[in-house]
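Atoms within a ligand are numbered from 1 in the order they appear, just like the ligands themselves.
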Amino acid sequence: MQKFAYYKDTTMLTLDFHPTGRHFLQIPGPSPVPDRILRAMSLPTIDHRGPEFGALGLEVLSRIQAIFKTTQPVVIYPSSGTGAWEAALANTLSPGDQVLMYETGHFASLWHRLAQRLGLNTEVLSLPGTEHGVPVSWRHGVQADLIEQRLRADTQHAIKAVCVVHNETSTGVTSDIAAVRRAINAASHPALLMVDTISGLASADYRHDEWGVDVTVSGSQKGLMLPPGISFNVASARAIETSRRAKLPKSFWAWDEILEMNRTGYWPSTPNTNLLYALHESCDMLLAQGLDVVFARHLRWAEGVRAAVRAWGLPIQCADPAVYSPVLTGVIMPDGVDADAVRRIIYERFDCSLGAGLGKVKGRLFRIGHLGDCNDLTLMAALSGCEMGLKLAGVKLAGSGVQAAMDHFSSHAAPSVLRKAA
Ligand SMILES: *Cc1c(COP(=O)(O)O)cnc(C)c1O
């Protein structure tokens, strides 16, 4: 890539790849970090055993519960989301335990591979077939009836956990978690419900307690608007009870010592202090605006972006309007067009990063992120970059997506508590 060559040619190492204006980081995570959060992070790192730290720890642990809509303990790890995936399984399961997973996309597949590598006995449900060169199962949410059927057949209760992804970041499809809980209950099955909402949390509605989730997994660098580097488990009382008997090896990831020390606002090992400042700030921003306002604006942005994709005449990756992601939109390319070549033009010419097609859909689609800290005009800029790049790549467009998105945003007022109309 040109930029990389430029980087190699220069003798001075520099991270300033984007010397004029702001780079448009429109990938579905990491998402742009607001200046307010960057400033909070720049405070001095303090003694993680001192009195101020305990106060910070307690505040952060309590605020983050409101974001997960839970009264149950939230475990914070200094890791990316993958660590919290492992922690969820390692804390609750034993070697050889049977786990039922559902293939909604690449992230569901990665969690599956991680479970296999931990020595779990995994089984994956999915929908058959392909459309536009894309697996059908990657265009729909979790089919709760398939889970119910499978659990009903498991009369011996060999299956110990059901694992699903709430917002599949590789496709732009969400899943109805309440329906999965109802399916497990309808089958009268004791399996734990584990949910990855790494990219859903704080941009898409999520309710740990109300939906009866046993272990929720999340991360910092998506809807929470933080840099990468912290991740979360939320554990139900039953998950914590189960963890006392779970035999998979764990030490760093073990909930027991962390929960014990969290009572006074501390952690067993050095926590990610500056990211906790950032988390404190992020929770303040989200809770002051109100989560419902946050969710509504992401739904509106998603609708505007889809209006653009429809106007271009390109298929939206998500085939079921009931489960469109408020966080990102996958755009499928016409046959013979390499989505990565289109992305490269948009990056090199217009300084805008878009998400690649991952795994089974590599080169078939790109993903436009509309999570975290966006506004109408950052999205208009990103869509302009997409439209120019698509044309430069020789993709025949049915019409102007930019015009369609402008029409959408100007005819639907944004929900806002900060600036009430005069
Ligand atoms: C980003 C993401 C992950 C991976 O998290 P890392 O922070 O990269 O380890 C897992 N699942 C989903 C749904 C994601 O969006």
Side-chain angles (χ1 to χ4, degrees), residues 25-33 67-68 75-90 101-118 124 137-138 140-142 162-177 180 193-206 208 213 215-234 252-253 272 275 278-279 282 298 302 317-318 323-330 353-361 365-372:
L25 186 65
Q26 297 295 150
I27 56 175
S31 64
V33 181
I67 307 286
F68 282 101
V75 178
I76 303 178
Y77 295 108
S79 82
S80 84
T82 303
W85 263 348
E86 177 158 343
L89 302 175
M101 306 184 98
Y102 193 102
E103 185 179 332
T104 43
H106 190 63
F107 286 102
S109 303
L110 288 177
W111 199 8
H112 171 229
R113 196 176 66 115
L114 186 150
Q116 286 179 313
R117 284 165 62 101
L118 286 182
V124 181
S137 207
W138 291 38
H140 294 268
V142 169
V162 173
C163 298
V164 294
V165 174
H166 170 229
N167 183 74
E168 186 40 93
T169 325
S170 63
T171 63
V173 181
T174 60
S175 283
D176 183 345
I177 302 304
V180 177
L193 171 57
M194 303 204 197
V195 179
D196 166 346
T197 187
I198 293 179
S199 61
L201 188 74
S203 284
D205 191 12
Y206 189 80
H208 177 91
V213 180
V215 187
T216 295
V217 176
S218 196
S220 58
Q221 76 272 28
K222 314 230 169 146
L224 287 174
M225 309 173 286
L226 310 181
I230 49 179
S231 65
F232 309 90
N233 276 176
V234 190
F252 177 76
W253 301 114
N272 214 326
L275 279 174
L279 178 59
S282 154
H298 285 90
Q317 161 82 10
C318 180
V323 289
Y324 280 143
S325 171
V327 167
L328 76 142
T329 301
S353 295
L354 298 167
L358 298 172
K360 293 181 184 176
V361 297
L365 60 103
F366 65 75
R367 296 168 298 142
I368 304 173
H370 30 88
L371 75 167

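- The protein atom (non-hydrogen) at minimum distance from atom 11 (N) of ligand 1 is D196 OD2, 2.7 Å.
- Here the heavy atom of the protein found nearest to atom 4 (C) of ligand 1 is F107 CE2, 3.9 Å.
- Taking every heavy atom of both residues into account, E86 and L114 meet most closely at CA-CD2, 3.7 Å.
- Not a single heavy atom of L110 lies less than 4.0 angstrom from ligand 1.
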* Passes side-chain hydrogen bond (donor to acceptor under 3.5 Å, both in side chains), S218 versus T197? Steps please. -> CA-CA 5 Å; S218 196; T197 187; 5.4 Å; no
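- Residue contacts with ligand 1: Q221 is included, with a non-hydrogen atom under 4.0 Å away.
- Inspection of the T174 and H166 side chains reveals no N or O donor paired with an N or O acceptor under 3.5 Å.
- Using a 30° and 60° split on the angle between ring planes, F68 and F232 fall in the perpendicular class, above 60°.
- Of all atoms in ligand 1, numbered sequentially from 1 with element shown, those under 4.0 Å from a heavy atom of T82 are 5 (O), 6 (P), 9 (O).
- The contact set between ligand 1 and N167, taken as ligand atoms under 4.0 Å from a residue heavy atom, comprises 13 (C).
- With hydrogens and angles left out, the side-chain atoms of E103 and W138 include a donor and acceptor closer than 3.5 Å.
- Ligand 1 lies within reach of K222, whose nearest heavy atom is under 4.0 Å from it.
- The contact set between ligand 1 and G81, taken as ligand atoms under 4.0 Å from a residue heavy atom, comprises 5 (O), 6 (P), 7 (O), 9 (O).
- Between W85 and ligand 1 there is a heavy-atom distance shorter than 4.0 Å.
- Atoms of ligand 1 lying under 4.0 Å from any heavy atom of S80, numbered from 1 in the order shown and given with element: 6 (P), 7 (O), 9 (O).
- Proximity to T169 (heavy-atom distance under 4.0 Å) selects the following atoms of ligand 1: 12 (C), 13 (C), 14 (C), 15 (O).
- Between the side chains of W111 and D196, no donor-acceptor pair is found at a separation under 3.5 Å.
- The structure places NZ of K222 at 11.0 Å from OG of S203, a figure rounded to the nearest 0.5 Å.
- The distance from atom CD of Q26 to atom CG of L328, rounded to the nearest 0.5 Å, is 11.5 Å.
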